[in-house]
Amino acid sequence: MILVTGANGRPGSAVVREFARQGHPVRALVRDPAKVGDLATLPGVQIVHGDMLHPETLQPALAGVRRVLMISGAGPQLLETQCTFIDAVRNAGVEQIVKFSGKDSIDGFDTERFRSTRSHEQVLRYLVASGMPWTVLRPSQFMEVYFEEVPDLVRSGELRLPLGDTTLAPIAIQDIAKIAYQVLTTDGHEYTTYAMTGPEALTMTEAAQYLSEAIGKPIEYRDVTSAEKQREWMQAGYPPARASAFAQLFEERSRLGHSTVDLGTHRRFQVEPTSFLEFARLNAATFRGDSEYTVTPA
Ligand SMILES: NC(=O)c1ccc[n+]([C@@H]2O[C@H](COP(=O)([O-])OP(=O)(O)OC[C@H]3O[C@@H](n4cnc5c(N)ncnc54)[C@H](OP(=O)(O)O)[C@@H]3O)[C@@H](O)[C@H]2O)c1
């Protein structure tokens, strides 16, 4: 059996849906059963409840599992959550952990400078030291993070980010899910890191043009200051620590300026990369503010 954690979240739910689409059984670990929704109705999907921070809750999730895709949120508990979970997985006799990490597409990005990327590196060192066979998935920024800009797109027709002419190479979660599915269901991926980005390094002016084309309404990129954006994130309800971590991240991206596209992993697994325009068209209703975001449309 294969276990996917973080199954109520963005990448986790997409991977579980990919298993269902492929007709392959999968077990999905969720912390909050109330949030499961239609995932529980998909063919071959077995939902189990448990908390990665509490190993005593994980026995039903880990029984008979051969491989695990380990995903948890990027917040302050990432390090403790994943190290605790690695211990539980090793003790349960699981053969292999596939760790879901990240990779900024920006050239020169220093993973040690930001809490979430630094935590991912610390978890990776812990995983390697555990002696368990590991694999790492390193996707760049998700295209889905642009859904967070929908209120501005609807209200003012502006994509407001503190990025100047910086380019980013975001990836569609659906591409990651297709790659993760293959990594989890085929052999020979031990001790391998798979980095991946989307197919284009985009300025935010280009991203705004694609959004505009997809939704049929003018969208303009507005280069705001980092302090302005931080205030807007806080007004939108982000906890202060999250807003300031994002501001720091965007300052660094803006300072470095250029992203590199890396499609080697897409080619390796024969996954056609989703362009930003395709993604925007597929999710036009969400970008217009007319429908809730779904990771992978049914
Ligand atoms: N955002 C990006 O652009 C990006 C790019 C590359 C990589 N990443 C990485 O992708 C990962 C997922 O990020 P995300 O923002 O997409 O997260 P997300 O949608 O919030 O998904 C994370 C999931 O992990 C679950 N979880 C957290 N702690 C748990 C615990 N103790 N026990 C069981 N489940 C737990 C959460 O459960 P609940 O639903 O109950 O909270 C949630 O469903 C992060 O590690 C992040 O660093 C993100």
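Every number for a ligand or one of its atoms is a count from 1 in the order of the listing. Just so it is clear, the model here is predicted, and its values are computed rather than measured. Note that these values count all heavy atoms, side chains included, but never hydrogens, waters or copies made by symmetry. Positions are given from 1 along the sequence.
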Report yes if the side chains of Y146 and P170 come closer than 4.5 Å at any heavy-atom pair, otherwise no. yes

Note the single closest protein heavy atom to atom 39 (O) of ligand 1, along with its residue, its atom name and the distance in Å. K35 NZ, 2.8 Å

Ligand 1 contact by S101, heavy-atom criterion under 4.0 angstrom: yes

Given M52, E148, R10, H120, which has its nearest heavy atom closest to atom 16 (O) of ligand 1? R10

Are the ring centres of Y194 and F269 closer than 6.0 Å? yes

Tell me whether ligand 1 is touched by G12 - counting only heavy atoms on the residue side and a distance under 4.0 Å. no

Nearest non-hydrogen contact with atom 11 (C) of ligand 1 belongs to which option: A74, G6, S72? S72

Atom 43 (O) of ligand 1: of S116, P11, G9, the nearest heavy atom sits on G9

Salt-bridged, D175 to K178, with N to O below 4.0 Å? no

Could you check atom 40 (O) of ligand 1 against the protein and tell me its nearest heavy-atom contact, residue, atom and distance included? R31 NE, 3.2 Å

Heavy-atom gap P139 to ligand 1 smaller than 4.0 Å: yes

Basic-acidic side-chain contact under 4.0 Å: R10, E148: yes

Please work out which of the three classes, parallel, tilted or perpendicular, describes the rings of Y210 and F276, given edges at 30° and 60°. tilted

Note: E121-R138 ion pair, threshold 4.0 Å (strictly below): yes

Yes or no: does V30 have any heavy atom under 4.0 Å from an atom of ligand 1? no

Below 4.0 Å from ligand 1: does a non-hydrogen atom of L53 turn up there or not? yes

Yes or no: does S140 have any heavy atom under 4.0 Å from an atom of ligand 1? yes

How does A7 reach ligand 1, by side chain, by backbone, by both or by neither, if only non-hydrogen atoms under 4.0 Å count? neither

